[in-house]
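What follows is one structure encoded as structure tokens, with my remarks underneath.
Note that ligands are numbered from 1 as they come in the structure, with each ligand's atoms numbered from 1 the same way. The chain is numbered in sequence order, starting from 1.
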Amino acid sequence: MDAGPSYGVSPGAGSGRKSNMNILVTGGAGFIGSNFLRMSVPNRPSDSFLNLDKLTYAANPANLAGIESLPNYQFERLDIADGKAVGEAFSRFLPDLVVHFAAESHVDRSIRSPGDFVQANVVGTFQLLEAFRTHSAARPGALFHHVSTDEVYGSVEGDARFVETTRYDPSSPYSASKAAADHLVRAYWRTYGLPVRITNCSNNYGPYQFPEKLIPLMILNALEGKPLPIYGRGLNVRDWLFVEDHCDAIWAVVERGKNGETYNIGGNCERANMEVVNTICEVVAEETGTPVVELKKLITYVEDRPGHDLRYAIDASKIAAECGWVPKHSFKEALLETVRWYRQERAWVDGVRSGEYLRWVETNYGARS
Ligand code: NAD
Ligand code: TYD
């Protein structure tokens, strides 16, 4: 495995050296991608960013309000599964670095509509790899960074934790489609020598997350006195990571990782869903003055998700040892920051709920496919 090129300091480090890279980000209007762009674009003025996003229900142009007018940022609405459009975007922009976030990302939706996941996550990743192979791979220091999930490993038994060599064993159409994408990325390294790196991250939370995922859904429902629906008995365990820590970890791998390698990213923060929801009730109670007992009464046990993985647990020692990354945020503090954000950003929440931003997209870009 060859050592990768140096890409300069991370966006938060403050003294970024000029590197003049063309950085193509996919899925940058979604939750993690928009956090990544908001952290990176203003801090790397000598790099040019192109955000390719299909603007599905999970995307929101409001996520990018702070950066859309910056001179080093461009946006193009595009389906990554459309090979012709992807090839044209690559041939125009000639990316040095691709950071690939775009995906259908919600397990429950994958159970209802698996085909959308195969199309976006498998075919989309394939088309990006082909375009990268044709237009970017020969550029000095080029890199394709693939953002993936710990869910590819399936449910972990006992006290074990996922390491990078843990056998893939995905349970849902979402995790299976991400696993397939990871295999393609690795195959392009082995077969064509494409400079690629993969990160498999645990569950993220933080500002701008679409309120269908556990933490934002529970925060908003608790704030509004609505039921808090817990699947099964609430004993499923996830490892939680604040989204800004995930974005820092991606930069750490881009800067200090090695081509052809995989790095697990985790928060060292395993919690049963029940515990997460109880903590959300406590934080919301402290913030709003609502008695915590009233909030906990909202907890409702509902039918379990089919194929629901019991436990995810990440061993993130490789990225710590090789790239010097460890999470900076504690769960309680970052959860408090997240609760405050959802309380303050009513316009964002109302826009997502009312579909106002979907209408904005249709007016500006035409109907969604
Ligand atoms: P998200 O659903 O919030 O955003 C996904 C973005 O991708 C949206 O902007 C959407 O419009 C875009 N997109 C979807 N299909 C597309 C297509 N065919 N062409 C172009 N754009 C398309 O997802 P997220 O939570 O921000 O996750 C981003 C990435 O991180 C995904 O690859 C996901 O698998 C991975 N990941 C997420 C988590 C998590 O907890 N959210 C954890 C680990 C890994
Ligand atoms: P989710 O946020 O959908 O992420 P993922 O399925 O990718 O881990 O769910 C996190 C956990 O919370 C998962 O075990 C399912 C559970 N869950 C509930 O109990 N109730 C809910 O309403 C949701 C959305 C999730």
Side-chain angles (χ1 to χ4, degrees), residues 25-36 51-61 63-64 76-82 85-86 99-111 116-117 119-125 127-128 146-152 155 171-172 174-175 177-178 181-182 199-206 208-218 221 227-241 243 246-247 250 264-267 271-274 276-277 299-305 307-312 314 361 368-369:
V25 171
T26 69
F31 165 49
I32 305 173
S34 67
N35 274 283
F36 181 85
N51 174 14
L52 299 184
D53 197 300
K54 184 181 174 185
L55 299 179
T56 69
Y57 80 95
N60 189 341
N63 297 359
L64 299 162
E76 191 173 330
R77 187 187 191 194
L78 173 156
D79 182 347
I80 55 165
D82 178 346
V86 169
V99 186
H100 174 31
F101 295 96
E104 287 290 344
S105 70
H106 192 209
V107 173
D108 295 325
R109 284 179 190 260
S110 83
I111 294 167
D116 295 346
F117 285 68
Q119 199 58 24
N121 302 357
V122 185
V123 178
T125 301
Q127 296 295 3
L128 289 168
H146 176 61
V147 179
S148 191
T149 168
D150 61 354
E151 301 194 30
V152 298
S155 198
S171 301
S172 70
Y174 164 64
S175 52
S177 66
K178 291 296 291 186
D182 292 10
T199 44
N200 294 89
C201 187
S202 61
N203 284 59
N204 284 214
Y205 64 98
Y208 299 93
Q209 187 166 29
F210 194 85
E212 64 183 353
K213 303 270 170 78
L214 181 74
I215 287 187
L217 179 79
M218 296 295 171
N221 285 10
L228 307 175
I230 297 188
Y231 298 162
R233 294 163 61 207
L235 300 178
N236 305 68
V237 173
R238 299 289 182 267
D239 173 75
W240 293 97
L241 182 71
V243 62
H246 184 184
C247 296
I250 291 169
N264 283 348
I265 303 172
R271 300 277 188 284
N273 293 337
M274 191 63 240
V276 171
V277 175
I299 292 172
T300 316
Y301 293 92
V302 299
E303 190 181 336
D304 208 353
R305 171 189 278 173
H308 196 175
D309 286 329
L310 184 58
R311 177 168 168 256
Y312 300 149
I314 281 271
V361 169
R368 292 173 190 227
S369 52

- Query: In the protein, what heavy atom is nearest to atom 19 (N) of ligand 1, and what distance, to one decimal place, separates them?
  - Reply: Ile80 N, 3.0 Å
- Task: Using distance alone, decide if ligand 1 has a nitrogen or oxygen within less than 3.5 Å of any nitrogen or oxygen in Asp53.
- Result: yes
- Item | Per-atom contacts of ligand 1 with Ala58, taking only distances under 4.0 Å to non-hydrogen atoms | 2 (O)
- Query: Under the 3.5 angstrom rule, does the side chain of Asn63 hit a backbone N or O of Ala59 as a donor-acceptor pair?
  - Reply: no
- Query: If hydrogens are left out, which of Ser34, Gly33, Ala103 has an atom nearest to atom 5 (C) of ligand 1, that is, the closest non-hydrogen atom?
  - Reply: Ala103
- atom 43 (C) of ligand 1 - nearest protein heavy atom and its distance: Cys201 O, 3.3 Å
- Message: I'd like to know if Arg77 pairs up with Asp53 as an ion pair, taking the criterion as any Lys NZ or Arg NE/NH1/NH2 lying under 4.0 Å from an Asp or Glu carboxylate oxygen.
- Response: no
- Task: Answer yes or no for Phe101: is there a heavy-atom contact with ligand 1 below 4.0 Å?
- Result: yes
- Query: For ligand 1, is there an atom lying under 4.0 Å from some heavy atom of Gly124?
  - Reply: no
- Query: Side chains of Ile250 and Phe101: closer than 4.5 Å at any heavy-atom pair?
  - Reply: yes
- Ser34 side-chain N/O to Gly28 backbone N/O, donor-acceptor pair under 3.5 Å: no
What are the polar N/O contacts of ligand 2 with the protein below 3.5 Å, with distances?
unit_1   : atom_1 : unit_2 : atom_2 : d
ligand 2 : 2 (O)  : Leu214 : N      : 2.8
ligand 2 : 3 (O)  : His106 : NE2    : 3.4
ligand 2 : 3 (O)  : Arg305 : NH2    : 3.1
ligand 2 : 4 (O)  : Asn203 : ND2    : 3.4
ligand 2 : 6 (O)  : Arg305 : NH1    : 2.5
ligand 2 : 6 (O)  : Arg305 : NH2    : 3.3
ligand 2 : 7 (O)  : Glu151 : OE2    : 2.4
ligand 2 : 8 (O)  : Asn203 : ND2    : 2.9
ligand 2 : 8 (O)  : Arg238 : NE     : 3.0
ligand 2 : 12 (O) : Asn273 : ND2    : 3.4
ligand 2 : 14 (O) : Arg238 : NH2    : 3.3
ligand 2 : 14 (O) : Asn273 : ND2    : 2.9
ligand 2 : 14 (O) : His308 : NE2    : 2.6
ligand 2 : 19 (O) : Tyr231 : N      : 2.9
ligand 2 : 20 (N) : Pro229 : O      : 2.8
ligand 2 : 22 (O) : Pro229 : O      : 3.4

- atom 26 (O) of ligand 1: the protein heavy-atom neighbour that sits closest, reported with distance to 0.1 Å: Ile32 N, 2.8 Å
- Message: Under 3.5 Å between any N/O of His100 and any N/O of ligand 1: does that happen in this structure?
- Response: no
- Message: For the 3.5 Å polar cut-off, considering only N or O atoms, please tell me whether Thr56 and ligand 1 meet it.
- Response: yes
- List the closest protein heavy-atom neighbour of atom 33 (C) of ligand 1: residue, atom name, distance to the nearest 0.1 Å. Tyr174 OH, 3.5 Å
- Gly266 backbone acceptor or donor facing Ser202 side chain under 3.5 Å: no
- Message: On a heavy-atom basis, which atom in Ala81 and which in Gln127 lie closest, and how many Å separate them?
- Response: O-CG, 3.7 Å
- Thr125 and His100: side-chain donor and acceptor closer than 3.5 Å? yes
- Item | N/O separation below 3.5 Å, Gly28 to ligand 1 | no
- Task: Among all protein heavy atoms, pick out the one at the shortest distance from atom 4 (O) of ligand 1; state its residue, atom name and that distance to 0.1 Å.
- Result: Gly30 CA, 3.4 Å
- Pair Phe210 and Tyr57, ring centroids less than 6.0 Å apart: yes
- Query: Do the side chain of Ser155 and the main chain of Leu310 share a donor and acceptor less than 3.5 angstrom apart?
  - Reply: yes
- Note on the structure: For Asp150, the side-chain hydrogen bond (donor to acceptor under 3.5 Å, both in side chains) test, sequence neighbours excluded, returns none
- Within 4.0 Å of some non-hydrogen atom of Ser105, the atoms of ligand 1 are 1 (P), 2 (O), 23 (O)
- Message: Using only atom types and a distance under 3.5 Å, with no angle test, would you say the side chain of Lys178 pairs donor to acceptor with the backbone of Val147?
- Response: yes
- Message: Out of all atoms in ligand 1, which are within 4.0 Å of some heavy atom of Ser148? Include the element for each.
- Response: 43 (C), 44 (C)
- Item | Axial cation check for Tyr312 ring with Arg238, 6.0 Å and 45° limits | yes
- Message: Check whether Asn264 reaches the backbone of Ile314 with its side chain - one donor and one acceptor, N or O, closer than 3.5 Å.
- Response: no
- Message: Can you report which non-hydrogen protein atom sits closest to atom 25 (O) of ligand 1, along with the distance?
- Response: Phe31 CD2, 3.7 Å
- closest protein heavy atom to atom 35 (C) of ligand 1 is Val147 CG1, 4.1 Å
- Does some side-chain heavy atom of Arg109 sit less than 4.5 Å from a side-chain heavy atom of Phe117? yes
- Message: Just to verify, what does Asp82 make a salt bridge (charged side-chain N to carboxylate O under 4.0 Å, His left out) with, not counting sequence neighbours?
- Response: none
- Message: I need the minimum non-hydrogen distance between Leu241 and Gly267, along with the two atoms involved.
- Response: CD1-CA, 3.6 Å
- Message: At less than 4.0 angstrom from any non-hydrogen atom of Ser202, what atoms of ligand 1 do you find?
- Response: 42 (C), 43 (C)
- Task: Output the list of atoms in ligand 1 that are nearer than 4.0 Å to some heavy atom of Lys54, sorted by atom number.
- Result: 16 (C), 17 (C), 18 (N), 19 (N), 20 (C), 21 (N), 22 (C)
- protein heavy-atom neighbour closest to atom 18 (N) of ligand 1 works out as Asp79 OD1, 2.9 Å
- Note on the structure: Quick note on ligand 1: atoms under 4.0 Å from a heavy atom of Ala120 include exactly 15 (N), 18 (N)
- atom 39 (C) of ligand 1: of Asp150, Val361, Asn204, Val86, the nearest heavy atom sits on Asn204
- Message: For ligand 1 and Ala102, I'd like to know whether there is a polar contact (N/O to N/O, distance under 3.5 Å).
- Response: no
- Mode of His106 contact toward ligand 1 - side chain, backbone, both, neither (heavy atoms, under 4.0 Å): neither
- Do Pro61 and Val361 come close enough that some side-chain heavy atom pair is under 4.5 Å? yes
- Item | Where ligand 1 meets Leu78 - atom numbers and elements under 4.0 angstrom, heavy-atom basis | 19 (N), 20 (C)
- Task: Report yes or no: do Tyr174 and Glu151 form a side-chain donor-acceptor pair below 3.5 Å?
- Result: no
- Query: For ligand 1, is there an atom lying under 4.0 Å from some heavy atom of Thr26?
  - Reply: no
- salt bridge (charged side-chain N to carboxylate O under 4.0 Å, His left out) partners for Arg233, two or more places apart: none
- Note on the structure: Near Leu55 (heavy-atom distance under 4.0 Å), the atoms of ligand 1 are 11 (O)
